[in-house]
Amino acid sequence: MSNEEPDGRSSSLPVAVPSWRTAVDGHSGAVVGSSLPLVVLVVLVVTWHAVVVVYEIPTLVLPSPVDVGAALLETYPTLLEDAAVTAATAGAGLLVGGTVGLVLAFVMTYSRRATSMLLPYVLALRIAPIIAIAPLLFLWFGRGIPVRAALVATLTLFPMTVATLDGLRSTPTSYTDLMRSVGAPRTAVFLRVRVPAAAPSVFAGLKIATTLSVIGAVVSEFVTLEAGLGYRVFHASTYLRTAESFAALLVLSTLGVVFYLVPAVLERRYRDQL
């Protein structure tokens, strides 16, 4: 394709024209990519059902997807109540642990001495098995949601502290040197340079903390055996209601995915605003 020059001569330079085929191919690729998880899920469910039917596995050992669906429809009011309890426990623990983790990371960024004083205790909370800490906390403070949330906070504190601290300390020195060269105070350098530069690490730590918060909530419910999806799974398994146990696990998995998607969506919106 040629273009007409101002002096009347023609130019043989090619002109890039957007192709409808390129747009269609890009849209098709996006659709295929987004549908792959659904395809994998369908294949797994069909395979699961076929194995149960072909080998005639009893429902007590492995229920079929149909049995799990029926149990889910039958018990969904109770499962929703249990999910609300688990979500409240995990959310409160995540909020407390995440906030304390951010504060500790900010303090340790400013002071090496604070790092040497505080980091060993943060590591100790992470290394100590949660199943060993839980009975002590419940013995001292009771078995309510606040105490269970405190147990969850001990799990979420570590990833938030370490990820944030790593992000704050990984800020390129050229950025901070530039701010200091124009006379910016230390607080302005921290808030306008270090914090935005650490955002990817903070979101990574938050994603890990969200999954750990759900795990911590379930463990605390296994120990207390009072309410929540962890209690529901244990109770159904004890009375050999395997289909109901699978239904509770399905709701629990969905809750974990929702918890993970919250920071993922926030991170995407943050990047879009940059």
Side-chain angles (χ1 to χ4, degrees), residues 33 87-130 133 137 146 148-217 219-220 255-274:
T89 304
L94 177 62
L95 179 62
V96 173
T99 302
V100 174
L102 288 174
V103 172
L104 291 178
F106 292 163
V107 172
M108 287 188 284
T109 302
Y110 269 104
S111 173
R112 296 285 181 179
R113 180 174 296 179
T115 302
S116 61
M117 291 174 57
L118 298 175
L119 191 57
Y121 295 101
V122 175
L123 292 173
L125 281 177
R126 183 62 186 92
I127 294 173
I130 184 176
I133 299 176
L137 289 179
R148 282 181 272 170
L151 184 65
V152 173
T154 63
L155 283 179
T156 59
L157 176 66
F158 178 80
M160 286 301 301
T161 303
V162 173
T164 304
L165 182 62
D166 181 70
L168 291 172
R169 289 184 173 177
S170 300
T171 305
T173 55
S174 57
Y175 295 173
T176 56
D177 291 343
L178 177 61
M179 290 290 289
R180 293 192 183 101
S181 67
V182 297
R186 191 176 182 182
T187 304
V189 174
F190 182 81
L191 295 177
R192 298 185 180 182
V193 177
R194 288 189 180 276
V195 172
S201 297
V202 174
F203 281 116
L206 185 58
K207 290 177 184 177
I208 298 174
T210 53
T211 56
L212 290 177
S213 67
V214 178
I215 294 174
V219 171
S220 67
L255 179 64
V257 171
V258 171
F259 263 64
Y260 177 85
L261 287 178
V262 171
V265 172
L266 292 176
E267 181 182 20
R268 179 173 297 180
R269 291 186 177 180
Y270 174 78
R271 289 180 177 178
D272 293 341
Q273 293 176 356
L274 296 179

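What you see is a predicted model; the values in this text were computed from it and never measured.
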Report yes if some heavy atom in the side chain of Y121 is under 4.5 Å from a heavy atom in the side chain of L125; otherwise report no.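 Side chain of Y121 against side chain of L125, heavy atoms only: no contact under 4.5 Å found.
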
Which pair of heavy atoms, one from A87 and one from F259, lies closest together, and at what distance?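 Taking every non-hydrogen atom into account, O-CZ, 3.7 Å.
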
Shortest non-hydrogen contact from A217 to V152?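 Minimum heavy-atom separation between A217 and V152: N-CG2, 3.5 Å.
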
Any chance you could measure R194, atom CZ, to S170, atom OG, to the nearest 0.5 Å?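 Between R194 CZ and S170 OG, I get 9.5 Å after rounding to 0.5 Å.
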
How long is the span from the OG1 atom in T187 to the CZ atom in R192, to the nearest 0.5 Å?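 Interatomic distance, T187 OG1 to R192 CZ, rounded to 0.5 Å: 11.0 Å.
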
For atom CZ of R169, is the number of surrounding heavy atoms from other residues, nucleotides or ligands below 6.0 Å larger than 12?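 Yes, enclosed.
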
Above 12 or not: heavy atoms from other molecules or residues under 6.0 Å from OH of Y110?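 Yes, enclosed.
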
Could you pull out all donor-acceptor pairs under 3.5 Å where a side-chain atom in residues 196-214 meets a protein atom, sequence neighbours excluded?
residue: K207; atom: NZ; partner: E267; partner atom: OE1; Å: 2.6
residue: T210; atom: OG1; partner: L206; partner atom: O; Å: 3.4
residue: T210; atom: OG1; partner: K207; partner atom: O; Å: 2.6
residue: T211; atom: OG1; partner: I208; partner atom: O; Å: 2.7
residue: S213; atom: OG; partner: T210; partner atom: O; Å: 2.5

Name all residues meeting the side chain to side chain contact (heavy atoms under 4.5 Å, CB included) criterion together with I133; count only those two or more places apart in sequence or in a different chain, and write none if there are none.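 With sequence neighbours excluded, I133 shows a side chain to side chain contact (heavy atoms under 4.5 Å, CB included) to A128, L137, L151, given in chain and number order.
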
Consider only side-chain N and O atoms of R126 and T161, and report whether a donor and an acceptor are under 3.5 Å apart.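 No pair is found: no donor N or O on one side chain lies under 3.5 Å from an acceptor on the other.
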
List the atom pairs, with distances to 0.1 Å, where a side-chain N or O of residues 92-109 and a protein N or O form a donor-acceptor pair under 3.5 Å, not counting sequence neighbours.
residue: T99; atom: OG1; partner: L95; partner atom: O; Å: 2.7
residue: T109; atom: OG1; partner: A105; partner atom: O; Å: 2.6

